[in-house]
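Residue numbers count from 1 along this sequence. Bear in mind that the values here come from a model prediction, so they are computed numbers and not experimental data. Values below: every heavy atom of this structure, side chains too, minus hydrogens, waters and symmetry copies.
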Amino acid sequence: MWNKRLKLASALLAASLMGGALAGCTSGGNNGGGNTGSSDSGGSAGTGKTVTLKILHNWNGSSGGDVDMTPIAKAIEEKTGVKVEFDYTKGSEVEKVNTIFATQDLPDIYTGPAWGGELDGIIKAANEDQLVDISGKLANYPNLEKEIAKENMPPALYDKAEGAFGDKRYLLYQNQPATDKDAMDWLYGFYIRKDIAQKVGVDPQSVKTKDDLYSLLKKIKDAGLKENGLPVIPLGGFHSGWAVTIGNTMFYGADYADKGDGTLEHSFFTKAYEDYTLYYRKLISEGLLDPEAFTQTDPIANEKVQQGRIAILAAHYPAILDASKEYVKAHPGSDYVPIGPLERAGAEPNRPADLAIQGNNVTAITKACKNVDAALKLLDFLASDEGFKLVHYGIEGVHYDMVNGKPVAKKEFFDKFATDTTGKAKKNEGFGIGFESMTGQDRTNSLGGDIWADQDRIAAMENARKILRPNGIKVISAYNPGDVISKSPEWDSLKPSMDQISDVWQQAIFAKSDADALKILNALRDQMKKTGYDDAMKYVNDNLKGKEVVKLGLPN
């Protein structure tokens, strides 16, 4: 859905300590070891002085508003004594997290994705003693203690990231649903512009298989449609290839597959992965998939959508609705509608959609932070119900009112946000600029729902939900082998090879022939085996024996 990042300077801590004032946490500081600053506790620590904290929001594509201090940020400062300065990432989150710890260009607080290479980078930083152990302070911060309690985290993730350091605690895990009704389904899928489906005479719901999808893309290309004098691209996505690869679910069920004897192997080694690769190679070679999809930025992708040049988009529905809002407003009837539901490899037709609905964000305080208590006070407030409502609904009486115990958006702001196709109006009030990532467990529905969603958007989401989730959803609670393999003795030598899977796959789909594509895949397979893959998988299979393992999953 999104992604993002930062940095900073320091200095005032020593001076402020000497002067009795409280200095802010800033990167470049080296007070090391999670210095708590002064004996004052939290935020301004009772001094009345504002603390400035630098936060790296490591989600590619995230951004702030056009104002230095938003009303919501100001309210947070008044509540906590902490002023936040965000730095945002433009590019790879994995590269960013690895770079900041390698170069020591550290923020006071890091916050970013809680999966894959990003999480591995944070765990590595914890192992290298680059993060603050907050275990001794959690008793004073009940909201933070609750959000990382074992019962509030997915078991495999707890074992891998939270409970992997004995009694020490380095990570704050966020956005996991607090209740079942808070489980948010973002409706990942393929969506086609309704007017283009009509032009090529295809009912989007008649598209069920990978062959159906290929035929639809071919019809769009053969129709020779143009916008602004440029050809319409049959299939596109957003930044860095997000999320055109979701067609993989038509070929294999999850990242790890049953070999047929009850043991697991990585899907990269399966025939299904080869079929998936060659399918996308065919789309590229026949001009059915935007060749720039894997290198473009979000602004470029959005520009293509706003020019009406993308017939089918692959992503989650909110991102598609946001990107196409302006074009649809100018061209009624051009809204994107869901395709399918498409087949899923190995899934029974009546099976609910398996969704890995869980937290998506992890936050940590770096050793560069000069005032850990201030950082904890800020994060504990954001994780409270009061902080959650402030960040998601705004200031009561200004942005919303409580009516019959529920937040209701002020019409002035609702209309202002609804008519602003750039999203800046909302950001300038302080919504969607990064605070949401640090508000603890997701309580959106428990505390009042999304009060800013317009009725057309709600109707579109509900219509897509009825189409794409005819059997409902099932939240995945099984163990993910990917969390286990990273604890294997061979992981340090194997990881550099496994990190190449995505890049190698992209090389393969641009290969001159199918044979060349398979040759590229096999080269990496050989490399993975030489760097410990077989022993690492034995570790995975030994540790997951008798446990329920994820074998089917859809992006969420």
Basic-acidic side-chain contact under 4.0 Å: Asp450, Arg457 | no

Audit row: Tyr279, Asp275, side chain to side chain donor-acceptor pair (under 3.5 Å) steps and yes/no | CA-CA 6 Å; Tyr279 182 85; Asp275 294 342; over 6 Å; no

Within the side chain of Asp258, is there an N or O that forms a donor-acceptor pair under 3.5 Å with the backbone of Gly262?
-> yes

Under 3.5 Å side-chain donor-acceptor pair for Thr363 and Gln174 = yes

For Val391 and Ile72 the tightest heavy-atom approach is O-CD1, 4.2 Å

Set of residues satisfying side chain to side chain contact (heavy atoms under 4.5 Å, CB included) with respect to Val337, sequence neighbours excluded | Ile192, Lys194, Pro204, Asp335

Would you confirm whether Tyr252, through its side chain, and Tyr276, through its main-chain N or O, come within 3.5 Å as a donor-acceptor pair?
-> no

Taking C-beta and beyond as the side chain, do Met537 and Ile485 meet within less than 4.5 Å on heavy atoms?
-> yes

salt_bridge(Asp195, Arg193) N-O dist < 4.0 Å = yes

Output field: ring centroids His399/Phe431 closer than 6.0 Å | yes

With Asn228, which residues qualify under side chain to side chain contact (heavy atoms under 4.5 Å, CB included), at least two apart?
-> Gln307

Taking all non-hydrogen atoms of both residues, which atom of Ala257 and which atom of Thr270 are closest, and how far apart?
-> CB-CG2, 4.3 Å

Parallel, tilted or perpendicular, as decided by the 30° and 60° cut-offs, for the rings of Tyr317 and Tyr191 = parallel

Would you please classify the geometry between the Phe435 ring and the Phe86 ring as parallel, tilted or perpendicular, with 30° and 60° separating the classes?
-> perpendicular

Side-chain donor-acceptor contact under 3.5 Å, Asn360 with Asn175 | yes

What's the verdict on salt bridge (charged side-chain N to carboxylate O under 4.0 Å, His left out) for Asp492 and Lys124, showing C-alpha distance, side-chain angles and the deciding distance?
-> CA-CA 10 Å; Asp492 284 346; Lys124 181 173 182 287; over 6 Å; no

Check whether any side-chain heavy atom of Leu213 sits under 4.5 Å from a side-chain heavy atom of Met250, and report yes or no.
-> yes

Is the shortest distance from a Lys or Arg side-chain nitrogen in Glu326 or Lys329 to a carboxylate oxygen in the other one below 4.0 Å?
-> no

Within a strict 4.5 Å, meaning less than it, do heavy atoms of the Pro318 and Met461 side chains meet?
-> yes

Verify the neighbour count for atom NZ of Lys325: are there more than 12 heavy atoms of other residues, nucleotides or ligands below 6.0 Å?
-> yes

Take Val550 and Tyr256 through the test side-chain contact (heavy atoms from CB on, under 4.5 Å) and record every step on the way to the result.
-> CA-CA 8 Å; Val550 179; Tyr256 291 81; over 6 Å; no

Hey, are the side chains of Leu216 and Ile339 touching, using non-hydrogen atoms and a 4.5 Å cut-off?
-> yes

Does any donor atom in the side chain of Thr179 or Asp182 lie under 3.5 Å from an acceptor atom in the other side chain?
-> yes

Salt bridge (charged side-chain N to carboxylate O under 4.0 Å, His left out) pairs, two or more places apart, involving residues 495-514 | Arg281-Asp514, Lys495-Asp499

Is a side-chain donor or acceptor of Lys90 paired with a backbone partner of Ser62 at a separation under 3.5 angstrom?
-> yes

Would you say Pro299 and Glu303 make side-chain contact, with heavy atoms under 4.5 Å?
-> no

Exercise: identify the closest heavy-atom pair between Trp452 and Lys426 | CB-NZ, 3.4 Å

If you look only at pairs with a residue in residues 339-354, which of them pass as a salt bridge (charged side-chain N to carboxylate O under 4.0 Å, His left out), with sequence neighbours excluded?
-> Lys210-Glu343, Arg344-Asp354, Glu348-Arg351, Arg351-Asp354

Are Trp505 and Tyr280 an aromatic pair by the rule of ring centers under 6.0 Å?
-> yes

Under 3.5 Å donor-acceptor, Asn541 side chain and Leu264 backbone | yes

Can Asp535 and Ser488 be counted as having a side-chain donor-acceptor contact under 3.5 angstrom?
-> no

Please name all residues satisfying ring pair (Phe, Tyr, Trp, His ring centres under 6.0 Å) with Phe268, sequence neighbours left out, ordered by chain then number.
-> Tyr273

Side chains of Thr209 and Asp211: donor-acceptor distance under 3.5 Å anywhere?
-> no

Taking Gln527 for its side chain and Ala523 for its backbone only, find out whether a donor-acceptor pair lies under 3.5 Å.
-> no

To the nearest 0.5 Å, what is the distance between CD1 (Ile233) and NZ (Lys304)?
-> 5.0 Å

With a 4.5 Å heavy-atom cut-off, do Leu518 and Glu274 have their side chains touching?
-> yes

Is there a donor-acceptor contact under 3.5 Å linking the side chains of Asp516 and Ser513?
-> yes

Starting at CD of Glu436, measure out to NE2 of His57 and round the result to the nearest 0.5 Å.
-> 7.5 Å

Kindly assign one of parallel, tilted or perpendicular to the pair Phe417 and Phe413, based on the angle between their ring planes and the thresholds 30° and 60°.
-> tilted

Got a donor-acceptor contact below 3.5 angstrom from the Asn302 side chain to the Ala323 backbone?
-> no

Look at Asp212 together with Lys208 and state whether they make a salt bridge at an N to O cut-off of under 4.0 Å.
-> no

Check whether any side-chain N or O of Lys427 sits under 3.5 Å from a backbone N or O of Gly432 as a donor-acceptor pair, and report yes or no.
-> yes

Is Glu95 atom CD crowded by more than 12 heavy atoms from other residues, nucleotides or ligands, each under 6.0 Å away?
-> no

Side-chain donor or acceptor of Gln296 paired with backbone N/O of Pro291 under 3.5 Å = no

Any idea which heavy atoms bring Pro107 and Ile100 closest together, and the distance?
-> CD-CD1, 4.1 Å

Hey, is the main chain of Asp66 close enough, under 3.5 Å, to the side chain of Asn428 for a donor-acceptor pair?
-> yes

Partners passing side chain to side chain contact (heavy atoms under 4.5 Å, CB included) against Thr422 (at least two apart in sequence or in another chain) = Asp420, Lys424

With side chains defined as the heavy atoms from C-beta onward, is the minimum distance between Ile520 and Leu524 less than 4.5 Å?
-> no

Minimum heavy-atom distance between Ser497 and Met528, given as atom pair plus value = CB-CG, 3.7 Å

Heavy atoms only: give me the nearest Ile246-Ala315 pair and the separation to one decimal.
-> CD1-N, 4.2 Å

Regarding Thr111 and Ser437, is there a side-chain donor-to-acceptor distance under 3.5 Å anywhere?
-> no

Atom pair OG1/CG of Thr99 and Asp105 - distance to nearest 0.5 Å = 9.5 Å

How about His316 and Trp242: do any of their side-chain heavy atoms sit closer than 4.5 Å?
-> yes

Enter the distance from Gln441:CD to Met153:CE here, rounded to the nearest 0.5 Å.
-> 10.5 Å

What's the spacing between Ile123 CD1 and Glu118 CD if we round to 0.5 Å?
-> 11.5 Å

Rounded to the nearest 0.5 Å, how far does CZ of Arg469 lie from CG of Leu187?
-> 5.5 Å

